[in-house]
Amino acid sequence: MTEALSAGFFARSVHEVAPDLIGVTLLVDGVGGPIVEVEAYDSTDPASHAFRGRTPRNAVMFGSPGRAYVYRSYGIHWCLNLVCEEEGSAAAVLLRALEPTHGLDRMRARRKLDEVRLLAAGPGRLCEALGVTREHDGLSLDRPPFVLVPRSAEPEIVAAPRIGITRAVDQPWRYGLKGSRYLSRALPRA
DNA sequence: CAGTGGATGCTCT
DNA sequence: GAGCATCCACTGT
């Protein structure tokens with residue numbers, strides 16, 4: 001039996017939660033592995049979906065922390081966020097990559113790809129590998145199909161500017177596991 | 001390697 | 001009608 005994340009884990013500043021998620025193991029229906037790359041988005045952030053206020057798409061971001069916010073990206077991919085802070089804060093962490101360790105066969109089948117390094121190296125790839133879709137939007141992270149397992153040791157974390165955005169491009173709110181080969185893109189050299 | 005462009009759907013202006 | 005919190009295939013060194 002695995003221990004769950006503490007109840008208040010997500011009820012903190014998104015800027016604290018984001019780096020704390022590096023090394024946490026995410027499973028969706030038993031498929032996943034340790035998170036190696038995330039990005040933080042807060043409500044004052046022009047790059048955030050919530051910046052211009054509540055809409056049908058981003059409604060979950062404005063709800064209680066500890067739930068999944070899933071949206072479609074570029075018409076093709078899904079992206080998974082974990083809602084943080086408190087009701088109305090509209091802050092969330094985008095999951096950008098994890099190390100595939102659980103359910104490799106299911107990930108390979110969904111991704112139609114053998115190479116482990118690329119199974120979940122990117123927000124769209126991660127969702128495809130784990131089978132995350134709109135059906136998961138709004139679901140609590142402390143119940144099936146989600147499982148979050150705390151990390152056992154402090155990882156070495158590198159902060160860097162975020163990827164794929166056009167506003168607030170200089171904020172260093174991307175966090176990655178130093179030296180990981182499962183990132184969506186290499187981290188800047190230290 | 002780097003750079004470019006197409007696919008595709010939905011949200012918001 | 002524009003613009004995406006993307007990925008992949010393809011081109012050219």
Side-chain angles (χ1 to χ4, degrees), chain A residues 10 13-15 17-22 24 26 28 32 35-63 65 67-85 89-100 107-139 141 157-177 180-189:
Chain A
F10 291 103
S13 163
V14 69
H15 299 295
V17 176
D20 282 355
L21 279 167
I22 300 299
V24 171
L26 167 69
V28 180
I35 295 165
V36 299
E37 182 183 346
V38 302
E39 286 177 358
Y41 290 85
D42 73 32
S43 63
T44 68
D45 177 1
S48 171
H49 287 177
F51 183 66
R52 291 180 175 77
R54 181 179 181 135
T55 68
R57 176 178 68 163
N58 66 24
V60 170
M61 281 187 80
F62 288 79
R67 298 201 289 164
Y69 165 49
V70 181
Y71 69 93
R72 201 189 266 285
S73 174
Y74 291 89
I76 304 178
H77 306 100
W78 298 102
C79 290
L80 171 61
N81 297 254
L82 310 185
V83 177
C84 298
E85 301 188 357
S89 292
V93 177
L94 171 68
L95 302 190
R96 289 196 54 92
L98 59 74
E99 174 183 349
M107 287 195 241
R108 287 192 170 109
R110 286 166 174 158
R111 295 271 297 118
K112 304 186 198 321
L113 182 77
D114 281 341
E115 195 178 352
V116 178
R117 192 178 66 83
L118 297 177
L119 287 179
R125 292 163 170 173
L126 186 155
C127 283
E128 187 173 32
L130 272 54
V132 172
T133 68
R134 162 150 287 170
E135 296 175 14
H136 296 85
D137 189 37
L139 297 186
L141 299 168
I157 297 170
V158 177
R162 295 172 293 180
I163 295 176
I165 55 173
T166 57
R167 294 181 287 263
V169 295
D170 292 329
Q171 298 289 356
W173 291 342
R174 173 186 179 220
Y175 300 95
L177 175 61
S180 173
R181 57 189 295 260
Y182 302 99
L183 301 165
S184 68
R185 279 173 45 177
L187 294 161
R189 295 191 57 98

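Chain A is the first sequence line, chain B the second, and so forth, proteins listed ahead of strands; every chain is numbered from 1. Below, each value reflects all heavy atoms present in this structure, side chains not excepted, and no hydrogens, waters or symmetry copies.
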Of the listed B/dC12, C/dT6, B/dT11, the closest approach to the A/Pro123 side chain comes from C/dT6
So is A/Arg134 actually on top of A/Trp78's ring, under 6.0 Å and inside 45° of the axis? no
Presence of A/Arg111 side-chain N/O under 4.0 Å of C/dC8 phosphate oxygens OP1/OP2: yes
Using the benzene-type ring in the case of Trp, are the ring centres of A/Tyr71 and A/His49 under 6.0 Å apart? yes
Selection from C/dC4, B/dC12, C/dA5 that lies nearest to any side-chain heavy atom of A/Thr166: C/dC4
Can you check the A/Phe51 CZ to B/dC12 P distance for me, whole Å? 15 Å
Compare the minimum distances between each of B/dT11, B/dC12, C/dA5 and the side chain of A/Tyr41, then state the nucleotide with the smallest one. C/dA5
Atom pairs under 3.5 Å, N or O on each side, protein against nucleotides 6-8 of chain B: can you list them with distances?
from: B/dT8; atom 1: O2; to: A/Tyr74; atom 2: O; distance (Å): 2.3

Partner nucleotide, any strand, of C/dC8 [Watson-Crick/G-U, under 3.5 Å]: B/dG5
Whether A/Arg134 contacts B/dG9 is assessed here as follows: a side-chain N or O lying under 4.0 Å from the phosphate OP1 or OP2. Is that the case? no
Separation of C/dC7 atom C1' from A/Arg185 atom CZ, nearest Å, is 13 Å
Flag the pair A/Arg57 and A/Asp137 as a salt bridge only when some basic side-chain nitrogen lies within less than 4.0 angstrom of an acidic carboxylate oxygen. no
Which part of the nucleic acid does A/Ser184 contact within heavy-atom distance under 4.0 Å: base, sugar-phosphate only, or nothing? nothing
Sugar-phosphate, base or nothing in reach of A/Arg174, heavy atoms under 4.0 Å: nothing
Would you kindly give the CZ-to-C1' distance between A/Arg72 and C/dC7, to the nearest whole Å? 14 Å
Result of checking A/Arg185, A/Arg96, A/Arg162 against A/Glu39 for salt bridge (charged side-chain N to carboxylate O under 4.0 Å, His left out): A/Arg96
For the side chain of A/Pro56, counting heavy atoms from C-beta on, which of C/dA5, C/dC8, B/dC12 is nearest? B/dC12
For the side chain of A/Arg52, starting at C-beta, report the closest nucleotide among B/dT11, B/dT13, C/dA5. B/dT13
